[in-house]
Number of protein chains: 2
Amino acid sequence: MSNSRITLKDLARELGLSPSTISRAIAGHPAISEATKNKVQQKAEELGFAPNTIAASFRKKRTYSIGVIVPKIEVHFHSLVISGIEDLAYSKGYNVTIFQSKDSIDREKEIAKILQNRLVEGIIVCISNETKNYSHFKKFVKLGVPIIFYDRVPSDFKANKIIIDDFGSALRATEHLIEQGCQRIAHIAGNQNTTIFKDRFEGYKAALQSHKLSFDPNLVFETKNLTYEEGAEHAKAMIELQEPPDGLFCSNDYTAISAIQVFQKANYKIPEQISVVGFSNYPISRVIEPNLTTINDRAFQMGEAATKLLIRQIEDEDNPIDFETITLKTNLIVRESSKRR
Amino acid sequence: MSNSRITLKDLARELGLSPSTISRAIAGHPAISEATKNKVQQKAEELGFAPNTIAASFRKKRTYSIGVIVPKIEVHFHSLVISGIEDLAYSKGYNVTIFQSKDSIDREKEIAKILQNRLVEGIIVCISNETKNYSHFKKFVKLGVPIIFYDRVPSDFKANKIIIDDFGSALRATEHLIEQGCQRIAHIAGNQNTTIFKDRFEGYKAALQSHKLSFDPNLVFETKNLTYEEGAEHAKAMIELQEPPDGLFCSNDYTAISAIQVFQKANYKIPEQISVVGFSNYPISRVIEPNLTTINDRAFQMGEAATKLLIRQIEDEDNPIDFETITLKTNLIVRESSKRR
DNA sequence: ATTATTTATGCAAACGTTTGCATAAAGTTA
DNA sequence: TAACTTTATGCAAACGTTTGCATAAATAAT
């Protein structure tokens, strides 16, 4: 690599001090005089000294590093979570390394391995769509590395978890459509192998049931990845039904937005003929016409809460006995896409 | 940290071999017998051995790690670049750590410091909006750490750079509008302190000039961050003009999309009354009605090209004498938002 | 001036893994 | 069987920084 990297020893030689004094001076240790500290600081800057964190981490057996694994960095929800994590972690002296699994368990396993070998002090994970088996995360437990799951969490894994109430949020969203007078409500669902999307489907069904609206399986459209394309495709199928729906609850904003485009192109009035509710409050939900009603799922706060818990776990050296699942409150943001009354 | 982490020495003790043999066996060294390799592999798995990459990196003075600094991970362009980087880097045995500056030079400096101290082997950077001074990157040069800039690149910094032809792309986009019969073309520009957005503005102007259309400063709207909100605000101002434009070229797809929403809400027909062209081919450009004409800026290929160059620089131990600036070709994707003829 | 206390620094070992060189053991050839 | 060659492993040192303990030097108290 570099033959010109300045070490503590170089500084020590230049100043006629020992490396241990240099180390303590740079760390601001009380046992070193202010005069020496200033002298060291100056020479360090003069020579362009960059401390070798690898060597220090090796000696201290600490990296002050948190690993974050998200399914896709591009998704607004996850990028907000990351922001929440970063802001709190940096303020507590930890740095954050971000990885994306791209919803592939193979990638997730690879990332887990990298993080284990790099001695991160804890990890925050939203598991991939494909993840059914958690042995790659169990290794962190074995190594004494704290792990926090958020959003998509494994049910049979003892760890702290931060979630939102997917069931209750979907219930609220669907009830809102019912309150607006919708009688035939369709649902664009996420992959039913993923718990959070299953819960949203259950909440949708529960709302229908509790308001004595009949459940019609022909009004439910499952997607693989909740993409724009899938939303458009299902919206087309919906309006071809003998009796099209007058309301639509979508498991994310992407599918809601593309459904709206399809409906409008087919000359359906939104919300007069079909009311639409999305999920996750993506920035674009405030832009498209009509502005989209959606569930605000508190991504930033989720990141903060996960980080707070993780840092507590890192600095509390005992193995935790109890784990908690924190459920954050969501709220429905009502905009024009669903407002009939 | 963990008192239960298995080391090479533990394996050595268990197998009655030396740590150096264990190390060589795990690394698949030819001097170690297959029998010994298998025995070591088995015991390593049995005991849940995770190698200490920190210790190895320290000894080897190599991290096999590439640092990536982007302005915002959420922006589709950058997340595509990251994908291009990740795919190639992983296949070459490097891992990638991602950081976002959030368009803050202070954050960027902090990240640079972290990366320097962590002995990354190279970095790929898209500089923040605020970056005018490059001393924090010059330190990488001094330390012999290769640096590649992409997209937003400093003009007075000797390094390899990967860019697109912003001028030529904007020229092409504006010409397309002219070919479609537009006579009064507006432009939503990015922050003019950022070279790429300045170049796009220049390309817009050059197209007008070469087709003998007069340049009207009232048809140019500068934004700070090219957000949806800014796009909407400027679109409103545009249609309040005494003589509204009949064409619009936007420096990104977000502002193009929000302008379209505003125009449609005000009952303007797209593209009949106002034709719109965006930039960057965000996924949503294929979704909104009408589908958006846009410049495809080859983000994934940009990531790949940067990584290829970087790895070459890392593995070629001589200090490079010549630097190149690679310019990737963009193409115009014509969709309904601009198609009059 | 002497003794006691405080301040400031240095020595040496540790951290887990890797690698050059040495050498013991095993296999092959004369 | 002896000599030569090849295979397989071990020893020891290195990597840059940190930290417990020791001690020299400076300062304060008697």
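Reckoned from all heavy atoms, side chains included, excluding hydrogens, waters and symmetry mates. Order of the sequence lines sets the chain letters (A, B, ...), proteins ahead of strands, with each chain counted from 1. Note that the coordinates shown come from a computational prediction; the quantities given were computed from them, not determined experimentally.
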Do B/Asp151 and B/Lys161 sit within salt-bridge range, that is, some charged N less than 4.0 Å from a carboxylate O? no
Inspect the contact between B/Asp87 and A/Arg107 and indicate whether a charged nitrogen and a carboxylate oxygen are less than 4.0 angstrom apart. yes
Looking across every strand, which nucleic acid part, if any, lies under 4.0 Å from B/Thr36 by heavy atom: base, sugar-phosphate, or nothing? sugar-phosphate
Looking only at D/dG10, C/dT9, D/dG16, the nucleotide nearest the A/Lys9 side chain is D/dG16
Distance check: side-chain N/O of B/Ser20 vs OP1/OP2 of D/dC11, anything under 4.0 Å? no
Spacing of B/His29 atom NE2 relative to C/dT17 atom P, expressed in whole Å: 17 Å
Is any NZ, NE, NH1 or NH2 atom of the basic residue among B/Lys37 and B/Glu34 found under 4.0 Å from an Asp or Glu carboxylate oxygen of the other? yes
Does the side chain of B/Asp106 come under 3.5 Å of the side chain of B/Ser104 through a donor N or O and an acceptor N or O? no
Reckon A/Thr21 has a side-chain N or O less than 4.0 Å from the OP1 or OP2 of C/dA8? no
Under 4.0 Å, counting only non-hydrogen atoms across every strand here, what does A/Leu17 touch: a base, just sugar-phosphate, or nothing? sugar-phosphate
Quick one: label A/Ala56 by what it contacts on the DNA or RNA (base, sugar-phosphate, nothing), any heavy atom closer than 4.0 Å. sugar-phosphate
If I take atom CD1 in residue A/Ile22 and atom P in nucleotide C/dC11, what distance separates them, rounded to the nearest angstrom? 13 Å
Report which part of the nucleic acid B/Ser23 touches: base, sugar-phosphate, or nothing (heavy-atom distance under 4.0 Å, all strands). base
Identified side chain to side chain contact (heavy atoms under 4.5 Å, CB included) counterpart of B/Phe149 within the set B/Val125, B/Asn160, B/Ile162, B/Ile163: B/Val125
Report the distance from atom CZ of B/Arg118 to atom C1' of D/dT17, rounded to the nearest whole Å. 17 Å
What is the separation between atom CG on A/Leu15 and atom C1' on C/dA8, rounded to the nearest whole Å? 15 Å
Between D/dT17, D/dG20, D/dG10, spot the one nearest the side chain of B/Arg24, thanks. D/dG10
Shortest side-chain distance from A/Ser18, nucleotide among C/dT17, D/dT17, C/dC11: C/dC11
Interatomic distance where CZ belongs to B/Arg13 and C1' belongs to C/dT17 [whole Å]: 15 Å
Within this structure, what is the CZ-to-C1' distance between B/Arg59 and D/dT17, rounded to whole angstrom? 17 Å
When rounded to whole Å, the CG to P distance for the pair B/Leu11 and D/dG10 reads 13 Å
Identify whether any heavy atom of A/Pro51 sits under 4.0 Å from a base atom; if not, whether one sits that close to sugar-phosphate; answer base, sugar-phosphate or nothing. sugar-phosphate
For C/dG16, take OP1 and OP2 only and decide whether either is under 4.0 Å from a side-chain N or O of A/Lys61. yes
In whole Å, what is the span from the CZ atom of B/Phe58 to the C1' atom of D/dA13? 12 Å
Check whether any side-chain nitrogen or oxygen of A/Ser33 sits under 4.0 Å from OP1 or OP2 of C/dT7, and answer yes or no. no
